[in-house]
Amino acid sequence: MSAPDLPLEQATLPVATPRQARRELWRALRPERLGVGLAFAVLAATVTAGLFIPPALGRIVDVAERSGTPAELVAPLVVITVATLVQGVAGSGGWYLVVRVGEKVLAALRERVLSRALQLPQAEVERSGTGDLVSRVSNDVDQVSEALREAVPQLLWAAFTVVLTLVGLAALDWRFALAGLVSMPFYVWAARGYTVVAPPLYTAERAAEGVRSQALVETLGGVETVRAFLLGPRHLRRVGEASEMARRRRIRTADTTAWFFSRIHLGELTGTGSVLLVGALLVGDGSATLGEATAAALYFIRLYDPVGALVNLLDEAQSATASLRRLAGILQVPVEARAGGEPPVAPRLSLEGVRFGYADGPEVVHGVDLVVRPGEHVALVGSSGAGKTTLAALAAGIHEPVAGRVLLGGCPVADLDRDVLREHVALVTQEVHVFAGTLAQDLRLARPGATDEELLAALEVAGARPWVDLLPEGLSTVVGEGGHPVTAVQAQQVALARLALRDPAVAILDEATAEAGSAGARHLERSMERVLEGRTALLVAHRLTTAAAADRVVVLEHGRVVEEGAPEELAAGTGPYAELWRAWQAGR
Ligand SMILES: Nc1ncnc2c1ncn2[C@@H]1O[C@H](COP(=O)(O)OP(=O)(O)OP(=O)(O)O)[C@@H](O)[C@H]1O
Ligand SMILES: [Mg+2]
């Protein structure tokens, strides 16, 4: 089966289960537990202070009702003043504490996610596309940080207020609390439905957004290719489809939110009605004063805001939870372990009658047979669109042939464990990625545990030391987009250094198309030779000097092998390679 171009659901990075997400959150929270405890205590004190206000107002009503003396008003007024002051001061203090702890937790989480994102196995990133990763480390981090800044403090305040206010109602008369609780089933009903219905909707919405970003990144990032291959309309259609999907899912979540609010208002109506009714009855039979009934009503009305906030926040918390799960999902991808005990696979690569076509296109590889013997360097040449990149991806196990087999040491690549495959075969693609980050982080993509010495040694092999040693902060220099600029040749050297760090037995290299200046090109050729020494290599050669240095050349045209042999022999002949060779010589 050929991999579809842009699947709407699969092939994105994993999403953590709620349990995994909770574990990651707890891991980030644990070092801050003291701060969390303090913030909770201050918030609880704030809410408790507020509880004194309604009964004090009730007292004033009672005094007024029996036409008492003004002196009787002093005590309740003092209570109201002090409670208001405490509420104000402690309230802002508690808020500050919660936000501060939240920021620390977020920083820890963000750091972990980013460093893991940089260590993700390249194949995993290739498979799921950089758009998904970008959407997670930008949109999802934003979602979670917004929640930590706004939603979490409010959520805590609201939860404390609801619980303590119910206690206050009960302290007036247990029947008031009971009347207030009449509204609860509405709230619980709405909230339960929402917590069950909404999360998958949010996850789906985010996934659709990830797919849309991916489609945009692919279209814009590959704009040259899109134009060159006249893929414009196809890409537009893809972006359109992805946007439409994202839009539809967004509307579904909005509908759910509206449904949720209507239940909340029903709860407010019922609750206030019953507290007033109970108040009237209790005042009527003399078991409560008018002031107490007033206090009860005030208590219940005080619940509107926190319950409303809980509603809003449930909404935001749901969406933040979806984001948190996507962030934690990144942490669930196993970082490439360099297992020492793997059974060695003979570094012999063979393609047998391999056929392949992209999802919605015609067949582009028409039955290719090709063997790269252990230690041999085979160069793949051919005009643009011949299928070289496609064949390289097939050989690396990135695409699965529609017919035929790809074997590594006699074992079908399709059956090999992905980790084992990655351990033995590495693919360097035509577009060289330099991820935004420090040079060291970029290199450790290839081997997370590598020491600085190992990184420098790899750079040495790749011939990059001369310029790396001149970087302002050495390995810690931020390179690539937004950082220290690197030239095309330097970027390719970094890619070669990553390959040296990976140290695979079989290297598949798709030479960058961009024509480096001839001095740069010679430099790169030497780097490539050093990095590939002792490895089995399949090289897609765009510079025929690379092909000339290989043990054997395979010429591919229109998805078929048309010629094969030692470069000198072919160059001396009259076949397609000799033609390519002469054109290349003339063009230089
Ligand atoms: N992602 C894709 N989806 C659909 N068709 C594709 C895709 N990538 C390549 N093709 C098609 O497959 C054929 C082989 O393309 P491929 O990229 O393998 O050629 P190439 O030999 O590497 O070319 P170049 O020298 O320009 O890198 C071309 O017809 C191309 O249009
Ligand atoms: Mg190519």
Side-chain angles (χ1 to χ4, degrees), residues 1-7 10-11 125-131 211 214-239 241-242 351 354-368 370 378-404 406 427-433 488 492 495 508-516 521 538-547 553-564 576-577 579-581 583-584 587:
M1 193 202 84
S2 66
D5 250 358
L6 187 68
Q10 326 125 9
V125 177
E126 299 257 349
R127 199 174 55 78
S128 47
T130 40
V211 170
Q214 174 65 16
L216 280 171
V217 164
E218 278 185 2
T219 305
L220 297 179
V223 71
E224 311 256 301
T225 322
V226 170
R227 285 215 192 102
F229 286 120
L230 301 177
L231 296 176
R234 212 177 82 196
H235 273 256
L236 275 181
R237 183 163 44 80
R238 241 163 59 177
V239 172
E241 277 167 11
L351 279 71
V354 168
R355 290 179 177 276
F356 180 78
Y358 288 93
D360 49 0
E363 192 177 271
V364 291
V365 172
H366 314 287
V368 167
L370 176 66
V378 171
L380 203 56
V381 300
S383 44
S384 186
K388 303 180 296 293
T389 297
T390 309
L391 203 61
L394 283 161
I398 305 266
H399 298 321
E400 228 176 284
V402 176
V406 177
L427 171 73
V428 177
T429 56
Q430 215 164 349
E431 311 84 36
V432 180
H433 303 286
Q492 289 178 51
I508 299 172
L509 224 130
D510 200 349
E511 201 173 48
T513 335
E515 196 55 54
L538 180 64
L539 301 159
V540 175
H542 287 278
R543 291 185 290 266
L544 288 198
T545 35
T546 309
V553 170
V554 171
V555 184
L556 200 68
E557 281 310 335
H558 305 297
R560 287 194 175 80
V561 175
V562 291
E563 199 178 26
E564 192 175 341
Y577 182 74
E579 224 169 275
L580 283 171
W581 179 249
W584 160 261

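Read the numbers this way: they start at 1 and go in the same order the structure lists the ligands and their atoms.
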Set of residues satisfying side chain to side chain donor-acceptor pair (under 3.5 Å) with respect to Glu557, sequence neighbours excluded: Ser383
Subset of ligand 1 atoms that lie under 4.0 Å from at least one heavy atom of Ala386: 19 (O), 21 (O)
Proximity flag Gly387 to ligand 1, non-hydrogen atoms under 4.0 Å: yes
For atom 29 (O) of ligand 1, the option (of Gly382, Gly385, Ser384) bearing the nearest heavy atom: Gly385
Side chain, backbone, both or neither: Val364 near ligand 1, heavy atoms under 4.0 Å: side chain
Those atoms of ligand 1 less than 4.0 Å from some heavy atom in Thr390: 14 (C), 15 (O), 16 (P), 18 (O)
Thr389 N/O/S atom closer than 2.8 Å to the Mg ion (ligand 2): yes
Option among Leu580, Val381, Leu544 that satisfies the side-chain contact (heavy atoms from CB on, under 4.5 Å) test with Val553: Val381
With Thr390, the side-chain contact (heavy atoms from CB on, under 4.5 Å) member among Val365, Val368, Leu556, Val354: Val365
Geometric class of the Phe356/Tyr358 ring pair [parallel <30°, tilted 30-60°, perpendicular >60°]: perpendicular
No-hydrogen, no-angle side-chain donor-acceptor test under 3.5 Å, Thr429 and Asp510: no
